[in-house]
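So you know, we letter chains A, B, ... as the sequences are listed, proteins then strands, and number each from 1.
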Protein chains: 2
Amino acid sequence: MVDTDIFKALADPTRRKVFEKLAGGSLNASALRDGLEISQPAMSQHLAVLRAAGLVREQRQGRFVNYEVDPDGIASIGTWLARYRAYWPKRIEALSDLLKDMDQ
Amino acid sequence: MVDTDIFKALADPTRRKVFEKLAGGSLNASALRDGLEISQPAMSQHLAVLRAAGLVREQRQGRFVNYEVDPDGIASIGTWLARYRAYWPKRIEALSDLLKDMDQ
DNA sequence: ACGACACATAAGCATACACTTATGTGTCGC
DNA sequence: GCGACACATAAGTGTATGCTTATGTGTCGT
């Protein structure tokens, strides 16, 4: 199941940190590593999980591999979340506004 | 971390099915069980996980325990997702509309 | 061609997770 | 009170997960 992969990927705090870093723009695996106390293979494995989940996509650039957020993954979460819109509390109006902003 | 609990809870397919059932309205543990081939203790454990994550809340009603979606959990996912709004693809406009609908 | 570098993959290991069966707790009807 | 019912908790078990160290693959500069 696609959703399972996505939620499993995001269930790990380190992977969420990585993902959040990528929200700021494209980065290679080494750049993603600093700040986080994590070995190189561990990062590689985390990135593989994020990629398999469709949350991240990669692009070879010489001997570096640049990673970036994959909008498809974000969209999947969005459509999943939309099924529960009946339960969104009123105080979430701010978020709704943000979403409106984004499609100008 | 709050987000960790939420994503871990949703990473399990059975728990997502349970949550989706609750999206249709309040149900007790037994009612949630049918359709799903799962033992009673397993369901009880799943509900405990969903509750600990803040996705679901319970209400004793005689010897039944009614469960319902907790809007706080939904809101948490929403605010988390909002940080990635820059990556929402354009085809997500429909979702944005849905969100706008909901706060009339 | 060679060493250095960036990253991926393999193998092994400790812990976490989801399940099972067995039992405990609380509420109902009689 | 007592048995039946709805659910929770305990304890045990197989598997998945995230880490480690070791090694493989591909690219760069010289």
Side-chain angles (χ1 to χ4, degrees), chain A residues 1-22 24-70 73, chain B residues 1-22 24-70 73:
Chain A
M1 216 178 243
V2 173
D3 289 338
T4 300
D5 291 339
I6 290 181
F7 286 122
K8 270 191 183 177
L10 295 172
D12 184 84
T14 303
R15 280 197 292 266
R16 279 205 313 286
K17 281 178 196 162
V18 168
F19 193 64
E20 188 153 358
K21 276 194 169 190
L22 289 176
S26 175
L27 286 173
N28 62 52
S30 297
L32 283 168
R33 207 150 84 79
D34 48 55
L36 306 178
E37 282 178 14
I38 194 179
S39 69
Q40 178 269 316
M43 175 57 77
S44 186
Q45 288 160 15
H46 280 311
L47 288 169
V49 171
L50 287 169
R51 202 172 75 81
L55 285 165
V56 149
R57 56 190 181 195
E58 60 181 69
Q59 199 177 358
R60 264 245 163 225
Q61 211 135 18
R63 58 181 157 173
F64 296 83
V65 178
N66 271 44
Y67 287 89
E68 60 182 0
V69 171
D70 187 339
Chain B
M1 218 177 239
V2 173
D3 288 339
T4 299
D5 290 339
I6 289 181
F7 286 122
K8 271 191 183 177
L10 294 173
D12 184 84
T14 302
R15 280 196 291 265
R16 280 206 313 286
K17 282 178 195 162
V18 168
F19 194 64
E20 189 154 357
K21 278 194 169 193
L22 289 176
S26 175
L27 285 173
N28 62 52
S30 298
L32 283 169
R33 208 150 81 80
D34 49 55
L36 306 177
E37 283 179 12
I38 195 181
S39 70
Q40 178 268 316
M43 174 58 76
S44 185
Q45 286 160 16
H46 281 310
L47 288 169
V49 171
L50 287 169
R51 201 172 76 81
L55 285 165
V56 148
R57 58 190 179 195
E58 61 181 68
Q59 198 177 358
R60 267 244 161 224
Q61 212 135 17
R63 57 180 157 173
F64 296 83
V65 178
N66 272 44
Y67 287 89
E68 60 182 359
V69 171
D70 187 339

*Starting from the C-alpha separation in whole Å, work towards a yes-or-no answer on side-chain contact (heavy atoms from CB on, under 4.5 Å) for His46(B) and Ile38(B).*
CA-CA 10 Å; His46(B) 281 310; Ile38(B) 195 181; 3.4 Å; yes
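- Taking side-chain N and O atoms only, Arg15(A) has a distance below 4.0 Å to OP1 or OP2 of dG18(D).
- Two residues, Thr14(A) and Arg60(A), neighbour DNA chain D, and the one matched to the more 5' nucleotide by heavy-atom proximity is Thr14(A).
- Residue Tyr67(A) has a polar side-chain atom (N or O) positioned under 4.0 Å from OP1 or OP2 of dA8(C).
- Ser39(A) has a side-chain polar atom (N or O) that falls below the 4.0 Å cut-off from OP1 or OP2 of dT20(D).
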*asked:* Using side-chain contact (heavy atoms from CB on, under 4.5 Å), reason through Leu47(A) and Val65(A) one step at a time and then give a plain yes or no.
replied: CA-CA 11 Å; Leu47(A) 288 169; Val65(A) 178; over 6 Å; no
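- Rounded to an integer number of Å, the gap from Asn66(B) CG to dT27(C) P is 15 Å.
- With contacts defined as side-chain heavy-atom distances shorter than 4.5 Å, the pair Asp12(A)/Val49(A) does not qualify.
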Return the polar atom pairs (N/O with N/O) between nucleotides 2-5 of chain D and the protein under 3.5 Å, or none.
none

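- Look at CD on Glu37(A): it is 10 Å from P on dT20(D), rounded to the nearest Å.
- Rounded to whole angstrom, the span from the CG atom of Asp12(B) across to the C1' atom of dA16(C) amounts to 13 Å.
- Other residues, nucleotides and ligands contribute more than 12 heavy atoms inside 6.0 Å of the NZ atom of Lys21(B).
- A donor-acceptor pair is defined here as one N or O able to donate and one able to accept, closer than 3.5 Å; no such pair exists between the side chain of Arg57(A) and the backbone of Asp70(A).
- Whole-Å rounding puts the Phe7(A) CZ to dT17(D) P distance at 16 Å.
- Residues Tyr67(A) and Leu27(A) form no side-chain contact, since every pair of their non-hydrogen atoms from C-beta on lies 4.5 Å or further apart.
- The nearest heavy atom of DNA chain D to Lys8(A) and to Gly62(A) marks one nucleotide each, and the one closer to the 5' end goes with Lys8(A).
- Looking at Val18(B) and Met43(B), their side chains come closer than 4.5 Å, going by heavy atoms from C-beta outward.
- Between Asn28(B) and dA6(D) there is no side-chain N or O to OP1 or OP2 distance below 4.0 Å.
- Between Arg16(A) atom CZ and dG18(D) atom P the separation is 12 Å, expressed in whole Å.
- The backbone N or O of Lys17(A) sits nowhere less than 3.5 Å from a side-chain atom of Arg15(A) that would complete a donor-acceptor pair.
- Contact record, Gly73(A) with Ile6(A): O-CD1, 4.1 Å, taken as the closest heavy-atom pair.
- Ile38(A) has its CD1 atom 7 Å from the P atom of dT20(D), to the nearest Å.
- Atom-to-atom, CZ of Arg33(A) to P of dC19(D) comes out at 12 Å; the value is rounded to the nearest Å.
- Residue-environment remark: CZ (Arg16(B)) exceeds the threshold of 12 foreign heavy atoms within 6.0 Å.
- Between Pro13(A) and Thr4(B) the shortest heavy-atom distance is CG-OG1, 3.6 Å.
- With axes fitted over five pairs at each extremity, the angle between the ends of the helix from dA1(C)-dT30(D) to dC30(C)-dG1(D) is 30° (10° resolution).
- Going from atom CG of Leu22(A) over to atom CG of Leu32(A) covers 5.0 Å, rounded to the nearest 0.5 Å.
- A heavy atom closer than 4.0 Å to some atom of DNA chain D occurs in Pro41(A), Ala42(A), Gln45(A), His46(A), these being the qualifying members of residues 40-49 of chain A.
- Atom CD in Glu58(B) sits roughly 17 Å away from atom P in dA6(D) (whole-Å rounding).
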